[in-house]
Protein chains: 2
Amino acid sequence: MSISQTVIRRLPMYLHYLKQLPEETHNVSATTIAAGLGLGDVQVRKDLALISGAGKPKVGYEKAELMDAIEDCLGYKDKKLAVIAGAGKLGTAFLEFEGFNDYGLNIAAAFDNNLSKTGCSNTGKYIYPISDLKEFCRTEKVIIGIITVPSSDAQNVCDMMVESGIKAIWNFAPVKLNAPESVIIQNENLASSLALLSNRLAR
Amino acid sequence: MSISQTVIRRLPMYLHYLKQLPEETHNVSATTIAAGLGLGDVQVRKDLALISGAGKPKVGYEKAELMDAIEDCLGYKDKKLAVIAGAGKLGTAFLEFEGFNDYGLNIAAAFDNNLSKTGCSNTGKYIYPISDLKEFCRTEKVIIGIITVPSSDAQNVCDMMVESGIKAIWNFAPVKLNAPESVIIQNENLASSLALLSNRLAR
DNA sequence: ATTATATCGATAAATATATATCGATATATA
DNA sequence: TATATATCGATATATATTTATCGATATAAT
């Protein structure tokens with residue numbers, strides 16, 4: 001039986017919490033993690049039970065083992081090559097963000113249809129014309145595509161990515177992308193999050 | 001009885017779908033919306049039942065009425081003043097993004113502790129030193145704060161915002177912020193989304 | 001006018017998720 | 001050594017969410 005989405009979403013929080021603990025800390029209890037993240041202790045224990053070995057009463061879990069288990073489960077260990085389509089503000093923010101390496105994501109390059117944007121970015125990563133996307137992805141064996149183009153171009157870019165053999169797409173454009181079943185589409189919807197905020201504020 | 005979070009999260013998707021329909025379309029059925037967004041029709045119908053008036057068999061709902069109801073529910077109609085703390089790539093991406101107006105969000109300015117970043121951005125919005133944050137928020141009656149600073153500075157900025165009378169914080173730093181109960185904290189966690197993608201890819 | 005059909009709202013069932021409870025146990029303390 | 005305590009895993013309960021089913025109804029077609 002596979003692990004549910006809600007649990008998967010919490011795993012990186014646990015990982016982040018564990019990483020930020022002092023190095024000399026060897027053991028952590030579910031209770032402590034829960035308090036640190038504002039979650040329930042039973043929930044944390046149940047989540048951890050799904051992926052790691054047992055914890056010890058009065059002691060908790062082994063931090064190192066836990067971190068290992070989470071990284072394994074999330075596939076952070078095998079490095080995955082990614083490209084970004086759309087070198088706007090958001091796209092270049094991603095391109096220059098070093099932190100993705102911790103998640104096993106190696107962003108190879110960005111692509112844009114505005115030729116004035118092409119060239120080398122501050123951090124030494126390149127922005128190429130979008131027309132080069134397919135060939136690049138094929139020869140470099142890129143498996144993840146990040147879409148940060150305007151909605152109107154998103155489906156086009158998605159099609160290109162699919163044709164290039166990309167296996168998963170992280171989509172920041174607020175549109176439903178049509179792609180073969182075999183391609184994983186992960187939609188990121190800032191509007192959803194903002195809606196929550198706005199609604200809570202309205203009450 | 002209030003509307004659940006999962007429903008609230010879907011409302012902007014409906015709104016977006018409705019907006020993108022041809023102007024001459026007056027009626028939409030739940031079935032059509034569901035197909036367009038890749039959701040179940042019963043789910044759409046139940047969601048809409050919570051916020052809008054009745055639909056007609058064989059015809060569906062009135063598009064205009066529906067859009068109105070969603071915008072009302074999400075509080076998109078009353079304009080809310082917001083500031084951004086952290087004028088990095090992500091922060092300036094938000095600062096220059098015009099689309100937030102559709103969500104009732106009026107981003108007044110950004111703030112940064114790096115003085116070399118202060119000044120006027122491309123779109124005519126200003127970046128001020130972070131030391132000006134409190135006074136600005138108080139005098140301008142800002143109610144939303146967007147945090148796009150590094151994790152290490154996030155709590156500091158959060159404290160400042162709370163002291164400035166900000167009512168809701170949209171937090172992009174992967175840390176748990178401590179704030180009074182009365183302040184709404186909405187965490188945005190890109191790592192969670194990426195974790196899902198990565199996990200699905202690993203299987 | 002009758003029939004067919006798309007759609008509705010409502011109710012019911014199924015699934016998923018979160019929370020509460022409790023006996024067992026490893027460590028620390030008396 | 002005996003007792004107290006934090007924590008565990010497991011089981012049970014409660015809540016939330018999604019999906020399925022069905023009779024009713026507005027419109028279109030016969």
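Numbers restart at 1 for each chain; the letters A, B, ... are given by sequence-line order, proteins then strands.
Within 4.0 Å (heavy atoms only), Arg9(A) reaches no atom of the nucleic acid at all. Among the protein residues, Gly40(A) comes within range of no part of the nucleic acid, since none of its heavy atoms lies under 4.0 Å from any strand. Within the 4.0 angstrom heavy-atom criterion, only backbone atoms of the sugar-phosphate kind lie near Ala30(B); the bases stay farther away. Within 4.0 Å of Val59(A), counting heavy atoms only, lie sugar-phosphate atoms of the nucleic acid but no base atom.
Note on ring orientation: taking the six-membered ring where Trp is involved, the planes of Trp170(A) and Phe100(A) are perpendicular (angle over 60°, cut-offs 30° and 60°). In this pair, Tyr128(B) and Phe111(B) present their aromatic rings tilted. The plane angle is within the 30 to 60° band.
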Trace of the side chain to side chain donor-acceptor pair (under 3.5 Å) decision for Glu96(A) with Thr123(A): CA-CA 6 Å; Glu96(A) 298 184 4; Thr123(A) 50; 4.7 Å; no

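Comparing dT7(C), dT7(D), dT19(D) by their closest approach to the side chain of Val42(B) singles out dT19(D). The side chain of Pro57(A) lies closest to dC8(D), out of dT19(D), dC8(D), dT5(D). Residue Arg45(B) has its side chain nearest to dG9(C) when only dT5(D), dT17(C), dG9(C) are considered. Across dT7(D), dT27(D), dA10(D), the shortest atom-to-atom separation from the side chain of Ser29(A) is found for dT7(D). For Tyr61(B), the side-chain atoms get nearest to dC8(C) when compared with the rest of dA26(C), dC8(C), dA12(C). Listed candidates were dT7(D), dT17(D), dT27(D). Nearest to the side chain of Thr6(B) is dT17(D).
For the pair Leu50(A) CG and dT17(C) P, the computed distance is 11 Å after rounding to whole Å. Following rounding to the nearest Å, Asp41(A) (CG) and dA6(D) (P) show an atom-to-atom distance of 13 Å. Nucleotide dA18(C) holds its P atom 14 Å from the CD1 atom of Ile3(A), rounded to whole Å. With rounding to whole Å, Lys58(B) atom NZ is found 12 Å from dC8(C) atom C1'. If you measure from atom CG of Leu11(A) to atom P of dT17(C), you get 13 Å, rounded to the nearest angstrom. We find that NZ of Lys56(A) is positioned 11 Å from P of dA28(C), with the value rounded to whole Å. To the nearest angstrom, P of dT7(D) lies 17 Å from CD of Glu62(A). Put simply, CD1 on Ile51(A) is 12 Å from P on dG9(D), counting in whole angstrom units.
One distance of note links CE of Met13(B) with NE2 of His16(B); it measures 11.0 Å at 0.5 Å rounding. How far CG of Leu194(A) is from CG of Leu201(A): 10.0 Å, rounded to the nearest 0.5 Å.
Under 3.5 Å, the side chains of Asp47(B) and Tyr14(B) contain a donor-acceptor pair of N or O atoms.
Gln155(B) meets the side-chain contact (heavy atoms from CB on, under 4.5 Å) test with Cys158(B), Asp159(B), Leu177(B), Asn178(B); sequence neighbours excluded.
Here Thr31(A) reaches the OP1 or OP2 of dC8(D): one of its side-chain N or O atoms lies under 4.0 Å away. Contact check, Ser4(A) against dT17(C): a side-chain N or O comes under 4.0 Å of OP1 or OP2. Taking side-chain N and O atoms only, Arg10(B) has a distance below 4.0 Å to OP1 or OP2 of dT18(D).
Comparing Gly55(A) and Lys46(A), the nucleotide of DNA chain D nearest to each residue sits closer to the 5' end for Gly55(A).
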How would DNA chain C look in dot-bracket form, 5' to 3', counting Watson-Crick and G-U wobble pairs with both distances under 3.5 Å and writing | for bases paired to another strand? ||||||||||||||||||||||||||||||

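One N or O on the side chain of Asp112(B) and one on the backbone of Ala87(B) form a donor-acceptor pair closer than 3.5 Å.
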